[in-house]
Amino acid sequence: MPGEVRVRFAPSPTGLPHIGNIRTALFNWLFARHHGGKFIVRVEDTDQVRLVPGSIEAMLEGLRWLNIDWNEGPEVGGPYGPYFQSERLDVYQNLADRLVSQGNAYHCYCVQERPDQATRDRRASASADCKCRHLTQEQISKLKAGQDSKVIRFAMPEEGVTKVNDLIRGEVEWRNETLNDFIIMKSDGFPTYHLAVVADDNLMEISHVMRAEEWLPSTPRHLQIIEALGYEPPKFAHLPMIMGPDRAKLSKRHGATAIGEYQDEGYLPEAMCNFMVLLGWSLDDKTEIMSIQTIIDNFTLDRVTKSAAIFDQEKLLWMNGMYIREMTPDQLAGRMMPFLERDLPKDLLPVDEEYLRRIAPLLQERIKRLDEVAKQIDYFFRADEEFDTETLVQKGMDRDTTLSALKAALEDLNATDDFHHEKLEEMLNVTGERLSLSRRQFFGVLRVAATGRAVSPPLFEMMEVIGKDRTVSRFKNAVERFSAAG
RNA sequence: GGGGCGUUCGUCUAGCGGCCCAGGACACCGCCCUCUCAAGGCGGAGAUCAGGGGUUCAAAUCCCCUACGCCCUACCA
């Protein structure tokens with residue numbers, strides 16, 4: 001189907017998937033969905049040395065969590081497979097041989113160390129390193145006999161320019177003389193990225209190559225291979241990079257960077273997508289919270305930024321809070337459950353779903369991450385028997401007034417069976433006034449008695465949820481312990 | 001050293017020649033609401049649009065130069 005949009009996300013299994021990788025995947029996916037095209041995942045496992053077991057699983061898990069689905073790739077297969085480059089070695093070998101026979105590539109017999117920065121700085125010209133390009137037939141035969149390890153280099157044109165019309169950056173061009181003869185086949189029989197990416201993008205009929213900006217400098221190499229092979233070049237779009245707060249490329253030392261950490265910390269996938277898309281793309285001059293459908297509908301490359309963005313964890317947190325508040329209490333309860341099962345003391349499990357649904361609204365506007373729930377929710381399940389009873393005494397009160405306040409409240413609570421929060425408030429308000437205590441003082445005492453804490457959700461709504469039995473027994477306990485302590 | 005990309009409030013961004021002595025959002029500060037904490041509402045502070053030259057009646061927006069940042073310059077992707 002000519003003209004069909006086919007984009008790919010091509011991760012290398014060299015570590016845990018981080019925000020940068022995933023953001024690239026997101027943009028590709030959004031682009032595909034916007035155009036009704038295909039989103040393909042292809043695993044670029046051509047570096048056997050850096051391969052980290054489990055990274056692909058983590059990557060796919062991250063995509064699944066964010067609801068980024070792929071039309072072709074690992075697990076789902078597809079007509080252009082295999083989607084692992086390590087299973088396509090013959091393809092690259094044939095192409096490399098073809099390039100050699102065409103004169104676009106040559107065997108190199110040099111033994112070279114990886115040049116460090118100082119070496120690179122001293123280097124006079126890009127292709128001064130290797131002389132094998134101009135070897136005679138005779139020299140080649142001799143070297144071949146004496147050596148089994150060799151690589152294949154691409155023979156870059158020594159003059160002319162290579163241009164690309166990047167969909168985000170516009171016309172960019174390089175003088176070919178500034179580009180060196182890079183390696184396309186390694187001595188272990190695996191291709192380098194440059195050959196493999198060009199081969200597969202062509203074979204898989206990729207229409208748009210959308211990748212991070214760090215790839216822009218190698219685009220002329222890819223274009224040269226494409227030309228040598230007689231391929232039709234895809235469109236290119238180089239996405240802005242994501243940096244840490246210190247403006248350096250995002251890495252582990254910036255704290256949480258792996259997508260899985262965000263899942264574990266209780267970020268919502270919807271919030272995560274919304275936030276990540278705003279790193280380099282915007283809808284207009286004001287809209288920030290958007291449904292994924294709205295994003296898909298409006299996702300065009302002309303709204304992608306050119307400059308790198310710094311990952312701002314504070315804003316992500318804010319956005320996550322917004323998403324939490326937008327949920328219905330039932331949805332929230334459902335989302336909280338796995339975190340409670342993970343973090344709550346085992347003797348509090350299993351959590352009653354119905355009870356949790358009644359608790360959820362009280363926590364909803366007080367948390368920004370799902371993993372905060374376990375720390376805040378314990379007093380809904382059991383009384384804190386250890387709290388310091390001195391915290392019962394509010395500002396401007398003494399032990400006597402505190403004790404009588406407690407006793408009066410206990411009496412009230414004992415006497416009623418109507419635990420609707422409006423009724424409780426009405427009743428205790430009267431009692432507080434009778435005792436000449438401000439609401440702040442009186443309710444402050446009651447809060448500590450009910451929860452053992454100075455901070456909690458609204459008092460009466462909480463009592464309603466906790467219920468009469470638990471509330472009354474906590475007040476009894478508070479009275480006893482406070483009296484004893486005195 | 002060479003090559004490339006980028007540069008609007010601390011941060012994410014809007015802006016594609018006049019609507020901008022620059023708009024929104026996060027964070028920050030203040031006020032309001034209020035039983036605590038939040039949430040919410042209102043308001044404030046914060047950007048000589050990196051700097052300098054042009055072009056134009058008019059420039060954050062177009063052109064040139066400089067500075068700075070970042071990326072590439074690996075048998076890593």
Side-chain angles (χ1 to χ4, degrees), chain A residues 10-12 14 44-47 49-50 108 110-126 149-153 166 169 172-175 177-180 182-188 190-194 196-197 211-221 238 240-241 243 245 247-249 275 278-289 302-303 305-319 321 325 363-368 376 394 425 428-429 432 438-448 451 453-460:
Chain A
S12 321
T14 53
E44 311 225 318
D45 53 349
T46 54
D47 186 345
V49 180
R50 293 203 308 155
C108 166
C110 305
V111 253
Q112 283 180 48
E113 300 298 313
R114 176 207 200 297
D116 58 15
Q117 191 55 47
T119 313
R120 278 196 288 256
D121 286 352
R122 243 176 284 119
R123 185 155 49 196
S125 76
S149 169
K150 61 173 187 274
V151 301
I152 299 178
R153 284 179 186 275
D166 189 274
R169 277 148 229 287
V172 182
E173 58 176 62
W174 296 263
R175 279 175 289 121
E177 67 195 75
T178 64
L179 276 4
N180 68 346
F182 56 98
I183 291 170
I184 56 175
M185 282 298 276
K186 299 184 267 191
S187 54
D188 64 358
F190 280 73
T192 59
Y193 173 83
H194 306 299
V197 78
R211 64 210 335 183
E213 192 193 349
E214 57 192 296
W215 292 109
L216 187 56
S218 55
T219 304
R221 305 179 209 278
H238 287 91
M241 306 216 299
M243 321 295 258
R247 297 182 174 282
K249 203 168 157 179
F275 181 73
L278 256 19
L279 256 26
W281 180 88
S282 64
L283 175 63
D284 55 28
D285 58 341
K286 50 180 83 71
T287 315
E288 298 210 297
I289 308 276
D302 60 330
R303 298 210 59 83
T305 318
K306 291 184 177 68
S307 53
I310 291 173
F311 185 75
D312 181 8
Q313 199 118 15
E314 284 287 345
K315 189 158 183 175
L316 202 213
L317 190 61
W318 163 77
M319 188 168 281
R325 273 169 260 134
L363 262 20
Q364 189 154 21
E365 57 197 33
R366 268 162 268 269
I367 57 168
K368 289 201 167 83
Q376 290 197 26
Q394 302 297 298
E425 178 162 9
L428 288 163
N429 222 351
S438 69
R439 287 159 68 85
R440 188 187 186 93
Q441 290 173 316
F442 189 41
F443 297 163
V445 176
L446 307 193
R447 181 187 319 285
V448 177
T451 64
R453 301 186 184 196
V455 173
S456 82
L459 227 206
F460 306 109

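Chain letters run A, B, ... following the sequence lines, proteins first and then strands; every chain starts at 1.
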Checklist entry - Can you tell me the Watson-Crick or wobble partner of B:G18, both distances under 3.5 angstrom? => result B:C57
Checklist entry - Across all strands, who's sitting opposite B:C35 as a Watson-Crick or G-U wobble pair, both distances under 3.5 Å? => result none
Checklist entry - Is the number of heavy atoms from other residues, nucleotides or ligands within 6.0 Å of CZ (A:R325) greater than 12? => result yes
Item to check | Residue pair A:H238, A:R211: steps toward the side-chain hydrogen bond (donor to acceptor under 3.5 Å, both in side chains) verdict | outcome: CA-CA 5 Å; A:H238 287 91; A:R211 64 210 335 183; 3.2 Å; yes
Checklist outcome for this item: Closest to the 5' end of RNA chain B, once A:P191 and A:A248 are matched to their nearest nucleotides, is A:A248
Next on the checklist: Under a 3.5 Å cut-off for both contacts, is B:C49 paired Watson-Crick or G-U wobble with anything, and if yes, with which nucleotide?
Outcome noted: none
Next on the checklist: So, OP1 or OP2 of B:G3: does either fall under 4.0 Å of a side-chain N or O from A:R175?
Outcome noted: yes
Checklist entry - Quick one: are A:M241 and A:E214 in side-chain contact, heavy atoms under 4.5 Å? => result yes
Next on the checklist: Base, sugar-phosphate or nothing for A:M319? Non-hydrogen atoms, less than 4.0 Å.
Outcome noted: nothing
Checklist entry - Contact class for A:M243 (heavy atom, under 4.0 Å): base, sugar-phosphate, or nothing? => result sugar-phosphate
Item to check | Heavy-atom protein contacts under 4.0 Å, nucleotides 11-21 of chain B, coded B base, S sugar-phosphate only, - none | outcome: SBSSS------
Next on the checklist: Need the pair for B:C26. Rule: Watson-Crick or G-U wobble, both distances under 3.5 Å, any strand; none if unpaired.
Outcome noted: B:G10
Checklist entry - Looking across every strand, which nucleic acid part, if any, lies under 4.0 Å from A:R440 by heavy atom: base, sugar-phosphate, or nothing? => result sugar-phosphate
Checklist outcome for this item: To the nearest 0.5 Å, atom CD1 of A:I310 lies from atom CE of A:M243 at 7.5 Å
Item to check | Closest to the A:L459 side chain, choosing from B:A38, B:C35, B:A77 | outcome: B:C35
Item to check | Non-hydrogen side-chain atoms of A:R303 and A:S282 separated by less than 4.5 Å | outcome: yes
Checklist entry - Who is the Watson-Crick or G-U wobble partner of B:G69, with both distances under 3.5 Å? => result B:C5
Checklist entry - Is A:K306 near enough to B:G69 that one of its side-chain N or O atoms lies under 4.0 angstrom from OP1 or OP2? => result no
Item to check | Spacing of A:D47 atom CG relative to B:C76 atom C1', expressed in whole Å | outcome: 5 Å
Next on the checklist: Please determine whether side chain to side chain contact (heavy atoms under 4.5 Å, CB included) holds for the pair A:E288 and A:W318, giving the CA-CA distance in whole Å, both sets of side-chain angles, and the decisive distance to 0.1 Å.
Outcome noted: CA-CA 12 Å; A:E288 298 210 297; A:W318 163 77; 4.2 Å; yes
Checklist entry - Under 4.0 angstrom, heavy atoms only, what part of the nucleic acid is A:Q364 near: base, sugar-phosphate, or nothing? => result nothing
Checklist entry - Would you say the base of B:C37 and the side-chain of A:R366 have a donor-acceptor pair closer than 3.5 Å? => result yes
